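Here is the structure we will look at, set down as structure tokens.
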Amino acid sequence: MKLLEYPDYEMLAIDVANTLAGELTAALDREGRVLLTVPGGKTPAPMFDVLCGVDLDWSRVDVMLSDERWVPEVHVRSNTKLVRERLLVGRAAKARYLPLYAKAEEPEKVLAELEVCIAEALPISILVLGMGADMHTASLFPGADGLDAALADDAPVLVPIRSSHVEDIRVSLSARVMNGAISKHLLITGEAKRAALDRARGQGAEQAPVAAILDDTMVHWAP
Ligand SMILES: O=C1O[C@H](COP(=O)(O)O)[C@@H](O)[C@H](O)[C@H]1O
């Protein structure tokens, strides 16, 4: 992994958005369609605000999340809500969105259907992830039910995750699929997450799931 430090989050958001714009443009020169995978949570919103205004052929970009909370798209905790409101607006409104959620009580009931659309769009061209201070990335939480399956070498594309530390059932991309990305970025802010990243580098992915995706990843950090 390589660590890039920024003086503040505003600089990080602008710089990362410009880097992603360059990578998307280069990928669009090579491929008919490109797949951009983005995190949910709070961190990426200001970066989305910059990225959505970039002038590129968004009609050939597929956008999906690294992970989703099993709640309807209009729910305040839905990662899709964030992406629709902050990324898929302006120029980026022309992108095609690939959902990780469908109306069903449990992900297991619809996972196969969701996986078909995602599998057709793979591999990921550009992967952007977030991380929690507990060293989770996407929805790969330490100790979660489903973590082993998500870390397996022969993991499926999508894995349902249940953790007593979070309210909702989650669906996450597996580490195998995330590591298939051509380019990988991790966005983190604050001292607690920086310390967590340092701890994770000395641990296995079972204890520190973010460790599973750090190889060849560009980590972007602001205080
Ligand atoms: O639950 C989640 O958490 C991580 C980190 O979120 P943040 O609010 O601390 O930025 C996020 O990357 C993931 O997509 C999300 O579902």
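Keep in mind that this is a model prediction, so the values were computed, not measured. Hydrogens, waters and symmetry mates play no part in the numbers below; they use all other heavy atoms, side chains included. Whatever order the structure lists them in is the order used to number ligands and atoms, beginning at 1.
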Q: Can you sort out the partners of F48 under ring pair (Phe, Tyr, Trp, His ring centres under 6.0 Å), two or more places apart, ordered by chain and number?
A: none
**Q.** For Y101, ring pair (Phe, Tyr, Trp, His ring centres under 6.0 Å) partners two or more places apart
**A.** W70
Q.
Is the shortest side-chain heavy-atom distance between R96 and W58 below 4.5 Å?
A. no
Q.
Contact between P142 and P209 at the side-chain level, heavy atoms closer than 4.5 Å - yes or no?
A. yes
**Q.** Hydrophobic cluster (4.5 angstrom, side-chain heavy atoms) - remaining members for V116
**A.** none
Q) Quick one: do E105 and K109 make a salt bridge, cutoff under 4.0 Å? A) no
Q: Quick one, list the residues around ligand 1 where some non-hydrogen atom comes in under 4.0 Å, by chain and residue number.
A: P39, G40, G41, K42, T43, S66, D67, R69, N79, G130, M131, H136, A138, R170, K193
